[in-house]
Colleague: 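This is the structure, below, for whatever I ask next.
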Amino acid sequence: MREYINGNEAVARAVRLARVDVVAAYPITPQSPVVEEIAAQIASGELDAEYIRVESEHAALAACYGAAVTGMRVFTATSSQGLAYMFEMLHYVSGSRVPVVMAVANRGLAAPWTIWADHQDSIVCRDTGWIQLYVETAQEALDTCLQAYRIAEHPEVLTPVMVCLDGYVLSHTEEVVEIPAQEAVDTFLPPYKPQRVVEPERPLVFGVGAGPDLYPAFKQAQQEAMDRAREVICRVDEEFYRIFGRRHGGLVDPYRCRDAEIVLVTLGATTGTAREVADRLRQEGIKVGVLRLRALRPFPAEEVRRALAGCRVVAVLDRNCSFGYEGAVCTEVKAALLGLKEPPAVVGFILGLGGQDIRQADIEDIFRRCLAAGSGAVHQVAAAQSR
Amino acid sequence: MAKMVEIRWHARGGQGAVLASRYLAASAIRENLYFQAFPQFGTERMGAPIVAYTRISDAPINLRCAIERPDMVVVLDPTLLKAVKVTANLKEGGAVIANYPGTVADLARELEVDGQFKVYAVDAYKISSEELGRPIPNTPMVGALARVMGLIKLENILAEFEEQFSHRFKPEIVQKNLQAVRRAYEEVQGL
């Protein structure tokens, strides 16, 4: 059934369709409508789940953690300062290998205070051991939340997943979304069957500690699970396609990259705008393409290398900044290209911080600047000029 | 090539512009058109001037940027014509559709439009006051917009309104709303 909903509502629909057992969340703009909608669904009986009201985001994720170790299917959502407030618990959840799924409506971090979109909030959580998937549309937000449970709960993975959607640009933009039928979702996503659970009826005391002799082995196991997640993410997307007729690229989503001279690497919603610009420049005979990274963690280094190997210049559009160096995605892309015989030049662009609109003209400007760039030049363009 | 129309809505917080764009969108689904609608991202206050945007296309919509040069502007409150430059960045040859109590020539003069834009006026306050007993401009303005835009059939708009409103209002109120939409569709005047 086609409906007209925004990204937040799409996430809330996915939570209902996934038959989530426990939701614990604290409201924050631009994510609040997700948990408001879920609370309404629970209140009306459309969703048979427990909503745990908490005093903070830290407590929200702690509650999710507790519920997840008892074998429940768990969901939370946050943004920006809320995600920052969860930082400590992010590591507890990933290190304990419980399959929590969280939607992040991406928003910049204070100060200066902002409610508008950029990716800084989730990028700074890159190393917390969570799988990070960035979506382009409300449809993909819905589909990816469903896929996220399959990935997180996979016995070879058991790693929490963040589904990142641009604040406002996706969270508050209404569009046509195909709502999958419950029966089809039930086929795709059967109930979670945890291998081990903590049973509230048989209380035990745990100390989640490990000495120097054991700690590295836990971290090694997390790293290996992330490595295995690459294949699982792709397989789950394919299986989703077989049932629902939609796929989103698995780890990466290349567009007109095969014969491209210049490829722009993107995350999230801006990709659509970039595709429009690429189509226009192609009509002028300028060979450009767009490579959207759907997964940032695990990083799809092999897929990135393959997609970019033939081009002359790679532009990376970062909606974040790793202060003191460059956009975080730019660093990752450069590292992935190391070892290629004739590696393309990589030029980084930082744009769209704190909700600055990324216009078609901005993307065209990036392509044209790269067209003029000499081969072999690797340099970083400073943070966006204010307009 | 895909055909796309970009619309900017000017209203006051609480006048139902977002709801109006929602009903318009839902009617468009009945025609297999694609839609994207977003508020001016940020905060909103009752009574303050607000802006909202809609894209309508016969193909899936890729663009994820603000609408810089709209094809059409819809104004839900005539007092905004003095408060806000509603024709700002409107495409050459684009259309302004305003809730306006005077003639379309008066509206053109007030907007200082001299042939560069098409101008349409409909007295949505009068229509909604007569039909609904309250000056609620959003439903009639959807009717007027539909007439000017021509992409969505009136019957599909009426069917969508009927479906949406029947969950919330008594049948009598639903019929009055439909009549307001129909009248604005009929009564909109253009230059």
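The model shown is predicted, which means the values in this text are computed figures rather than measured ones. Chain letters run A, B, ... following the sequence lines, proteins first and then strands; every chain starts at 1.
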Colleague: Can you pull out the residues in residues 20-33 of chain B with any heavy atom less than 4.5 Å from chain A?
Modeller: S21(B), R22(B), A25(B), A26(B), I29(B), N32(B), L33(B)

Colleague: Taking OH in Y241(A) as the centre, count heavy atoms belonging to other residues, nucleotides or ligands within less than 6.0 Å. Is the count above 12?
Modeller: no

Colleague: Non-hydrogen atoms of chain B under 4.5 Å away: do they reach the side chain of T137(A), the backbone, both or neither?
Modeller: both

Colleague: How would you list all residue pairs meeting salt bridge (Lys or Arg N to Asp or Glu O under 4.0 Å) that involve residues 116-126 of chain B, not counting sequence neighbours?
Modeller: K126(B)-E130(B)

Colleague: Of all the heavy-atom pairs spanning T173(A) and F38(B), show the shortest one and how long it is.
Modeller: OG1-CB, 3.4 Å

Colleague: So I61(B) and E175(A), side-chain contact (heavy atoms from CB on, under 4.5 Å) or not? Walk me through it.
Modeller: CA-CA 9 Å; I61(B) 300 167; E175(A) 55 189 305; over 6 Å; no

Colleague: For residues Q36(B) and Y4(A), report the shortest heavy-atom separation together with the two atoms involved.
Modeller: C-OH, 4.3 Å

Colleague: Check whether more than 12 heavy atoms from other residues, nucleotides or ligands sit under 6.0 Å from atom CD of E284(A), and answer yes or no.
Modeller: yes

Colleague: Please identify each residue that fulfils salt bridge (Lys or Arg N to Asp or Glu O under 4.0 Å) with E36(A), with sequence neighbours left out.
Modeller: none

Colleague: Any idea which of E3(A), R2(A), E136(A) has the most non-hydrogen atom pairs under 4.5 angstrom with chain B?
Modeller: R2(A)

Colleague: Quick one: which residues of residues 64-97 of chain B reach chain A at under 4.5 angstrom, heavy atoms only?
Modeller: R64(B), C65(B), A66(B), E68(B)

Colleague: Any chance CG of D259(A) has more than 12 other-residue heavy atoms, nucleotides or ligands included, within less than 6.0 Å?
Modeller: yes

Colleague: Going from CG on N62(B) to CD on E276(A), what distance comes out if it is rounded to the nearest 0.5 angstrom?
Modeller: 4.5 Å

